[in-house]
Amino acid sequence: MIRIEHIGIAVKDLKDAIEIYEQMLNTPCYKTELVASENVDTAFFRVGESKIELLEATSSDSAIAKYIDKKGQGIHHIAFEVENIEAEMKRLEALGFQLLNEKPKQGADNKLVCFVHPKTTNGVLIELCQEIVP
Ligand code: ZN
């Protein structure tokens, strides 16, 4: 894996959270994006070679809403950039990691993504992501 691409943080109110993170990081949010397929609204910040992704649920059955109900706001996932997501999925599956997606799917910020179940990664939801090159 190449680097930590971003850290995903589940928040209750995206607008409030953007303000807080803009102040803390001292950098403006460079992008907001609604991911309708996941029922989440997202906001991104650049921090050096990594990013912060804030995630707010847009419906009560979204994974982010369920996460906040169970655990409260906080770090939701860590995303690693990979060069070839399908090869990386095969490699991890062969090692016994449980993938949450059979195929890479379209994620926020122009990425193909696949999630790895936290029960096989010591409790951390892992996202693999590969930049979509047009
Ligand atoms: Zn993410």
Side-chain angles (χ1 to χ4, degrees):
M1 298 189 191
I2 299 167
R3 63 178 173 130
I4 295 179
E5 212 280 335
H6 65 268
I7 295 176
I9 299 174
V11 303
K12 281 185 184 163
D13 184 314
L14 194 61
K15 207 170 146 273
D16 283 358
I18 288 172
E19 252 181 66
I20 290 167
Y21 277 77
E22 281 184 337
Q23 286 180 353
M24 182 184 64
L25 299 170
N26 200 20
T27 188
C29 165
Y30 72 89
K31 180 188 211 176
T32 56
E33 183 179 349
L34 185 68
V35 187
S37 60
E38 298 290 316
N39 296 313
V40 292
D41 209 358
T42 64
F44 287 88
F45 299 83
R46 286 198 179 86
V47 191
E49 65 166 18
S50 300
K51 297 170 188 161
I52 295 291
E53 174 186 36
L54 303 178
L55 303 132
E56 182 198 50
T58 56
S59 98
S60 57
D61 59 0
S62 106
I64 294 300
K66 288 174 192 159
Y67 183 88
I68 288 177
D69 280 350
K70 243 201 231 169
K71 300 192 173 175
Q73 303 187 93
I75 294 179
H76 177 258
H77 64 269
I78 296 179
F80 293 101
E81 182 177 13
V82 299
E83 230 165 289
N84 180 334
I85 194 164
E86 299 204 9
E88 206 58 31
M89 287 167 69
K90 273 189 200 138
R91 185 181 75 83
L92 293 177
E93 205 160 34
L95 290 169
F97 291 93
Q98 188 187 329
L99 305 181
L100 290 170
N101 311 100
E102 272 176 42
K103 287 181 181 168
K105 61 174 184 175
Q106 175 92 42
D109 204 26
N110 197 39
K111 299 275 192 300
L112 285 175
V113 304
C114 172
F115 287 90
V116 185
H117 199 295
K119 79 179 178 194
T120 56
T121 58
N122 301 77
V124 181
L125 178 63
I126 301 294
E127 174 186 334
L128 309 175
C129 62
Q130 179 187 339
E131 185 96 30
I132 297 169
V133 182

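Just so you know, residue 1 is the first one in the sequence shown, and it goes up from there. For clarity, every value in this text was computed on a predicted model and none was experimentally measured. Each ligand, and each atom within it, is numbered from 1 in the order the structure gives.
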Closest heavy-atom pair and its distance - [X], [Y]:
X: His76; Y: Ala10; value: CB-N, 4.0 Å
X: Glu33; Y: Asp41; value: O-OD1, 3.5 Å
X: Leu14; Y: Leu54; value: CD1-CB, 3.6 Å

Within 2.8 Å of the Zn ion (ligand 1), is there any N, O or S atom belonging to [X]?
X: Cys129; answer: no
X: Glu53; answer: yes
X: Asp109; answer: no
X: His76; answer: no

Worksheet item: In terms of ring plane angle, is the pair Tyr21 and Phe45 parallel, tilted or perpendicular, where the classes change at 30° and 60°?
Response: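 Tyr21 vs Phe45 ring planes: tilted.
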
Angle subtended at the Zn ion (ligand 1) by His6 NE2 and His77 NE2, to the nearest 10 degrees, is 110°

- Residue pair Glu93 / Gln98, side-chain heavy-atom distance below 4.5 Å: no

Glu127, N/O/S atom nearest the Zn ion (ligand 1)
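So the atom name we want here is OE1.
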
